[in-house]
Amino acid sequence: MAEKKTTNNSVWEKLSRIDCSEHTEQKQGLTYLSWAWAWGVLKEAYPQATYQVREWNGIPYLHDQYLGYLVETSVTIESETLTMRLPVMNSSNKAMKHEPYEIVYKPKNKQPYTVAVEAATMFDINTAIMRCLVKNLAMFGLGHYIYAGEDLPNDDQYQNQTTEEKAEAKAKAQED
């Protein structure tokens with residue numbers, strides 16, 4: 001008996017095949033995908049897709065004086081909703097808090113050193129919200145391979161394609 005494909009599998013199949021590499025940037029050794037590009041690609045493929053930023057008492061972040069700030073987004077594509085959370089972090093991926101603080105590192109056989117972490121601003125919170133949105137989209141397949149530490153989508157046929165063939169495959173995926 002043939003297994004029936006669900007809508008959610010086709011969303012994953014379609015989005016996970018899109019090459020996002022030309023729309024990423026490197027910061028502190030990590031790869032970031034442009035939220036504007038990612039959202040645009042998603043809306044071309046799924047015009048009815050929506051996202052929501054969670055609010056706690058009308059505020060788009062959760063705050064704990066000891067732990068820092070947390071944001072949450074939810075994305076809905078074809079009746080499936082996935083939710084992701086992300087701490088508000090600086091460019092070194094250290095949790096930001098209401099007040100600046102310092103981290104003391106004590107590497108083996110080296111001098112200890114201190115790193116300052118600035119207090120979070122609304123810009124940092126907005127940045128975290130948009131990073132969280134991209135993380136949400138990866139849960140549906142778009143750019144998932146970036147979080148897995150890979151350079152391109154994991155598809156042998158795709159890996160061996162010419163640039164022209166990749167462009168054609170991308171266009172076809174967006175048509176489906």
Side-chain angles (χ1 to χ4, degrees), residues 4-28 30-99 117-150 152-155 170-176:
K4 182 183 175 188
K5 271 190 177 180
T6 66
T7 302
N8 295 335
N9 282 342
S10 66
V11 170
W12 175 269
E13 290 169 8
K14 185 177 194 177
L15 294 178
S16 66
R17 283 184 169 75
I18 296 174
D19 179 4
C20 303
S21 59
E22 291 182 24
H23 305 281
T24 62
E25 60 180 84
Q26 296 283 322
K27 289 184 184 177
Q28 302 285 329
L30 298 173
T31 304
Y32 293 92
L33 178 61
S34 161
W35 71 263
W37 179 84
W39 185 251
V41 167
L42 177 72
K43 290 298 276 188
E44 286 176 15
Y46 299 98
Q48 302 303 316
T50 61
Y51 81 94
Q52 182 175 12
V53 176
R54 179 168 180 193
E55 293 186 350
W56 291 265
N57 298 319
I59 299 172
Y61 57 83
L62 181 63
H63 177 254
D64 178 272
Q65 68 177 357
Y66 302 107
L67 300 175
Y69 293 87
L70 182 80
V71 297
E72 178 179 309
T73 61
S74 296
V75 173
T76 303
I77 303 174
E78 293 195 348
S79 76
E80 181 180 15
T81 300
L82 297 175
T83 299
M84 292 302 299
R85 294 184 181 107
L86 190 70
V88 176
M89 299 175 286
N90 68 6
S91 61
S92 298
N93 287 335
K94 301 299 177 206
M96 300 179 85
K97 301 178 184 180
H98 181 69
E99 300 288 335
V117 179
E118 297 296 320
T121 66
M122 288 309 292
F123 182 84
D124 299 314
I125 290 168
N126 184 66
T127 299
I129 289 169
M130 301 321 284
R131 283 183 183 170
C132 192
L133 173 61
V134 172
K135 189 176 173 183
N136 248 150
L137 299 180
M139 295 300 289
F140 283 98
L142 185 62
H144 183 266
Y145 64 92
I146 295 168
Y147 290 91
E150 299 171 15
L152 290 170
N154 190 14
D155 182 347
K170 181 178 176 182
K172 185 176 186 297
Q174 290 173 348
E175 288 173 7
D176 290 342

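When a residue number appears, it is its place in the shown sequence, counting from 1.
Across Cys20 and Trp37, no two heavy atoms sit closer than the pair SG-CZ3, 3.6 Å. Looking at every heavy atom in both residues, Thr73 comes nearest to Ile129 through CG2-O, 3.8 Å. Shown here for Pro87 and Ala128, the closest heavy-atom pair between the two residues is O-CB, 4.2 Å. Of all non-hydrogen atoms in Ser74 and Asn136, the two that sit nearest each other are N-OD1, 3.4 Å. The two atoms that bring Lys135 and Arg85 nearest to each other are NZ-O, 3.2 Å, heavy atoms only. Contact between Ile125 and Pro60 at its shortest, heavy atoms only, is CG2-O, 4.5 Å.
Crowding of Gln26 atom CD: a count of heavy atoms from other residues, nucleotides or ligands under 6.0 Å exceeding 12. Shown here is Met84, whose CE atom has more than 12 heavy atoms of other residues, nucleotides or ligands within 6.0 Å. Within a 6.0 Å sphere centred on CH2 of Trp39, heavy atoms belonging to other residues, nucleotides or ligands number more than 12. Within 6.0 Å of the OH atom in Tyr32, the count of heavy atoms belonging to other residues, nucleotides or ligands exceeds 12.
By the 4.5 Å heavy-atom criterion applied to side chains, Val88 and Val71 are counted as neighbours. In this structure, His63 and Trp56 have side chains that are not in contact, with every pair of non-hydrogen atoms separated by 4.5 Å or more.
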Test Asp124 against Asn90 for side-chain contact (heavy atoms from CB on, under 4.5 Å), laying out the working first.
CA-CA 7 Å; Asp124 299 314; Asn90 68 6; over 6 Å; no
Before you tell me yes or no, could you show the steps for Glu80 and Phe140 under side-chain contact (heavy atoms from CB on, under 4.5 Å), namely the whole-Å CA-CA distance, both residues' side-chain angles and the distance that decides it to 0.1 Å?
CA-CA 9 Å; Glu80 181 180 15; Phe140 283 98; 3.8 Å; yes
Derivation and outcome, side-chain contact (heavy atoms from CB on, under 4.5 Å), residues Tyr147 and Met139:
CA-CA 10 Å; Tyr147 290 91; Met139 295 300 289; over 6 Å; no
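One distance of note links CE of Met122 with OG1 of Thr127; it measures 10.5 Å at 0.5 Å rounding. Here the straight-line distance linking atom CG of Leu133 with atom CG of Leu86 works out to 11.0 Å at 0.5 Å rounding. Taken to the nearest 0.5 Å, the OG1 atom of Thr24 stands 9.0 Å off from the CG atom of Asp19. The OG1 atom of Thr83 lies 14.5 Å from the OH atom of Tyr51; values are rounded to the nearest 0.5 Å. Distance check, rounded to the nearest 0.5 Å: CG of Leu70 to CZ of Arg54 gives 9.0 Å. Taking NE2 of His98 as the start and OH of Tyr69 as the end, the distance is 5.5 Å to the nearest 0.5 Å.
Of the residues listed (Thr76, Val75, Ile77), the one engaging Tyr46 in a side-chain contact (heavy atoms from CB on, under 4.5 Å) is Ile77, and it is the only one.
Side-chain atoms of Thr121 come within 3.5 Å of backbone atoms of Phe123 as a donor-acceptor pair (strictly under, hydrogens ignored).
Ring geometry for Trp12 against His144 counts as perpendicular: the plane angle is over 60°, on a 0 to 90° scale with 30° as the lower cut.
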